[in-house]
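In what follows, a single structure is set out as structure tokens and then discussed.
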Protein chains: 4
Amino acid sequence: MSPAPASEMQPADGTLLTARGFRSREALLAAARHLFRTKGYANTKIADITEEAGRALGSFYTYFDNKEAVLEQLAEDFKAEVEDRFAETDLNAGEPHEVVRELCAIYWSSCRDHSAELAAIFQASMLDDHFARRWREIRADARNRIADGIRAVAAAGLATDPDPDVTASALGSMLDYFCYVWLIEGGEADRSSISDDVAVSTMTRVLYRTVFAAPEPN
Amino acid sequence: MSPAPASEMQPADGTLLTARGFRSREALLAAARHLFRTKGYANTKIADITEEAGRALGSFYTYFDNKEAVLEQLAEDFKAEVEDRFAETDLNAGEPHEVVRELCAIYWSSCRDHSAELAAIFQASMLDDHFARRWREIRADARNRIADGIRAVAAAGLATDPDPDVTASALGSMLDYFCYVWLIEGGEADRSSISDDVAVSTMTRVLYRTVFAAPEPN
Amino acid sequence: MSPAPASEMQPADGTLLTARGFRSREALLAAARHLFRTKGYANTKIADITEEAGRALGSFYTYFDNKEAVLEQLAEDFKAEVEDRFAETDLNAGEPHEVVRELCAIYWSSCRDHSAELAAIFQASMLDDHFARRWREIRADARNRIADGIRAVAAAGLATDPDPDVTASALGSMLDYFCYVWLIEGGEADRSSISDDVAVSTMTRVLYRTVFAAPEPN
Amino acid sequence: MSPAPASEMQPADGTLLTARGFRSREALLAAARHLFRTKGYANTKIADITEEAGRALGSFYTYFDNKEAVLEQLAEDFKAEVEDRFAETDLNAGEPHEVVRELCAIYWSSCRDHSAELAAIFQASMLDDHFARRWREIRADARNRIADGIRAVAAAGLATDPDPDVTASALGSMLDYFCYVWLIEGGEADRSSISDDVAVSTMTRVLYRTVFAAPEPN
DNA sequence: TATGAATGAGATTTCATTCAT
DNA sequence: GATGAATGAAATCTCATTCAT
């Protein structure tokens, strides 16, 4: 769908990769993605990644400085793709409820398609200051979008909000952790999965009602 | 045969502790609490805890089997106290908006007063299946409370919700992660703290508007 | 049966014990004996002994310097009693086959009644040079008795043996390890116990035939 | 895909080792063997083994899970070799006394050449149920051979034995512990070593006389 | 004497990273 | 580039022994 990022032909040290090297690097990234999702970031060892990728342990260091660097790469790709998806959509046009729903749908599907990255960076954000900052940056984008929406609604006199930024933080927290719970943790105590439609509708409901202080149309 | 010294106390695990032992155990718990909050659960080593508590490394094992056992104890106390706080309040009486606000206030102050436990168990839930389950249990309480509220509102014909449990999950996720972000992570990219009032008002706003699909009174 | 050894009223440092102290010391010895037999010497911790004895950990050191000292005491009592039992019997009188049988019977019953000491000292002899020497001393008694018997038989012209001491060593090894296997290890792969009679008869058979180079009478 | 380097070897556990790895593994096994014999199994630490082998501590875990695994490997090799040595010899042919002598000679030389394994597994059998079972298995082979011999002698009407299996157990105990005492413990209180010939002759004497109830020929 | 908490040396095990082949 | 063995620092946990009460 999206073209390979320019970074893919170029490892950290700036040198170019041969085709063979390129394949190895991709295999390692794919293995890491898989393991981060299934075992968690902290519980994944370098040796797990190379084994899963069918490569020798030492080969890992040909392409990455350490596990953080892998996540850094994955997080970058993740952020870029989420931004792409938002950019492709005109959130200012259309019926408000539809716009909100579209935003939630993009968020949900991005998280679903990148659950490994979501799991890893969410977890890493709790272990490591660097990734805490990184994660805040990624979160900020959606949060600002929401805050802008709240302000626009207020400007239109449809609802008031004494603190749009904090409300946006709360709604962003809801989106993030709701996705984490259902896509990675495996749901709540009494229910382990939901359909895409229920997920998106629920996220939409909370966002729409909070921003507009009114029920959804129909 | 000989009577227990007056100084003996009965901690959770059923064994008797002398006053001296009781103090050591408390010192270790306090140290763990402090470190879990400041360095995070995973980054805290047993040796850090004993050092902070001014005890020898080996003394840790007089009181706990391992680091998990410390968190288990803290989590238990946390859960018990949050439940106590909720039990003390009659959430069914009074004006709805006030009830919601009260619930949010309890949640926020519980998390604030137990930010160490919140941080630790949140983190541990991502590293360890056991704590993931534990955390789900703790979360379930507030979630069910919210779901009940949504159903009551629907029964009163004030608003509709096609899926109260999932909405409650979303709102619970908001509460949890909002508290985590502001009380432990140190806020968002462009703002590092908020007042209790702003926090509670914001949480209340999201909850109230989502449940009632209407603006707050006044 | 046998009177309390003089050592029982006197701990290692030469001081006398009060009645209370005497009871504690006995409780610890009994506990050690029990644990040495069931868990083995090496696998028994000081804390296990005091717990089994219903005493506080620290009390152990009131009576013994360490675990070795307990075994030393038990071994001493064991050696003394085995020697007593042999001394009570006149091995030179009577029909030869009966004498051999009597010797084996004493050996077997001593080991059976002191299986804890046997287990402990056998094990300790393999871990610790001091007990290896101690065990050799204990073994030497029976071995010399056997060697004397072989020489007497040779002197009587009933059989020859080029190396009575080594043969006695082999027969002593048989006695020791046969007792260990059946009384402590719980028998062989396909049979877990034998009657006293079969045990004694078998030991007798090997000894008698080896010494006399002839079948037992009848 | 790429062919295995010519230097790769196939050790017991199924993984492939490079020549270098093979050498390290052998060095560790040799070091363990040496230390088990001189210091005993229980007194040998993993660090002792790696130091003796001139390897880093961590390297041990490249080849073995723990100390038990090393002994398991040594025990396996030991058992296999003893069985080989017996298999190579036709114990049913020849003059009975020579057959018995041959069996004892094999036993003695096997134990002498594998005194490290003998010491270690003997000791471990007293500390650990797993090795107790293992050791019983290894012992069972010789014991059954002896029991068969006793039955054959009885069938030929040369001697009687009311309980061939228990007699075989006693004779097996003699062989095992006699070898242990003279090859590992360093002999008896008054004599520290014996020649191979005296050892084998003595073992033979006890076995032959017990089984045949008669003096050896000549 | 009795108690049990305190101590810390020592042993095991893990794993990120380096490096020789 | 690829390989996998080598390394050793760090962390966990145990337990004999001491000691204050």
Side-chain angles (χ1 to χ4, degrees), chain A residues 11 15 17-25 44-51 54-68, chain B residues 1-2 4-5 7-8 15-25 44-48 50 54-67, chain C residues 15 17-25 45-51 54-68, chain D residues 1-2 4-5 7-8 15-25 44-48 50 54-67:
Chain A
T15 58
L17 289 178
T18 64
R20 185 197 192 190
F22 181 76
R23 274 199 312 278
S24 282
R25 191 168 186 279
T44 297
K45 319 288 164 224
I46 306 279
D48 296 333
I49 297 174
T50 54
E51 190 188 9
R55 296 301 195 281
L57 176 52
S59 292
F60 179 88
Y61 293 91
T62 306
Y63 302 101
F64 306 99
D65 284 344
N66 44 43
K67 195 167 67 166
E68 286 81 51
Chain B
M1 226 163 221
S2 52
S7 62
E8 278 179 2
T15 60
L16 288 177
L17 283 183
T18 61
R20 189 192 188 193
F22 184 78
R23 260 179 284 122
S24 281
R25 192 169 184 280
T44 297
K45 310 301 163 206
I46 308 249
D48 297 333
T50 53
R55 298 298 195 282
L57 176 54
S59 292
F60 179 88
Y61 296 92
T62 305
Y63 302 100
F64 306 99
D65 283 345
N66 45 45
K67 196 170 67 166
Chain C
T15 58
L17 288 180
T18 64
R20 186 198 192 188
F22 181 76
R23 276 199 312 279
S24 281
R25 192 169 185 278
K45 320 285 165 228
I46 306 277
D48 297 333
I49 297 174
T50 53
E51 189 187 10
R55 296 301 194 281
L57 176 54
S59 293
F60 179 88
Y61 293 91
T62 306
Y63 303 102
F64 306 99
D65 283 345
N66 45 44
K67 195 168 67 168
E68 285 81 52
Chain D
M1 225 164 222
S2 53
S7 63
E8 277 179 5
T15 60
L16 289 177
L17 284 183
T18 62
R20 188 194 189 192
F22 184 78
R23 261 180 284 123
S24 282
R25 192 169 184 279
T44 297
K45 310 301 163 207
I46 309 251
D48 297 333
T50 53
R55 298 299 195 283
L57 177 53
S59 292
F60 179 88
Y61 295 92
T62 305
Y63 303 100
F64 306 100
D65 283 344
N66 45 45
K67 196 169 66 165

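Letters go in sequence order (proteins before strands), and every chain restarts at 1.
- Considering CD of A/Glu68 and CG of A/Asn66, their distance stands at 4.5 Å, rounded to 0.5 Å.
- Atom CD in A/Glu51 sits about 13 Å away from atom P in F/dA5, given to the nearest Å.
- A distance of 11.0 Å separates CG in A/Asp48 from CZ in A/Phe60, rounded to the nearest 0.5 Å.
- Shortest non-hydrogen contact noted between D/Leu17 and D/Tyr63 is CD2-CE2, 3.8 Å.
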- Query: Under a cut-off of 3.5 Å for both distances of each Watson-Crick or G-U pair, what dot-bracket string does DNA chain E give, using [ ] for crossing pairs and | for inter-strand pairs?
  - Reply: .||||||||||||||||||||

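- The residue among A/Gly21 and D/Gly54 whose nearest nucleotide of DNA chain F lies closer to the 5′ end is A/Gly21.
- You'll find that the side chain of D/Thr18 is closest to F/dG4, out of E/dT7, F/dA6, F/dG4.
- For D/Ala56, the side-chain atoms get nearest to F/dG8 when compared with the rest of F/dG8, F/dT3, E/dA5.
- Atom CZ in D/Phe22 sits about 18 Å away from atom C1' in F/dA6, given to the nearest Å.
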- Query: What string of B, S and - do you get for nucleotides 14-21 of chain F, 5' to 3', when a contact is any protein heavy atom under 4.0 Å?
  - Reply: BSSBB---

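- The OH-P distance, from D/Tyr63 to E/dT12, rounds to 19 Å in whole Å.
- Rounded to a whole Å, the CZ atom of D/Arg23 is 16 Å from the P atom of F/dG4.
- Residue D/Ser24 places at least one side-chain N or O under 4.0 Å from the OP1 or OP2 atom of F/dA6.
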- Task: Evaluate the criterion side chain to side chain contact (heavy atoms under 4.5 Å, CB included) for residue pair C/Ile46 and C/Phe64; output intermediate values, then yes/no.
- Result: CA-CA 11 Å; C/Ile46 306 277; C/Phe64 306 99; over 6 Å; no

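- Atom CZ of residue C/Arg25 and atom CZ of residue C/Arg55 lie 13.0 Å apart, to the nearest 0.5 angstrom.
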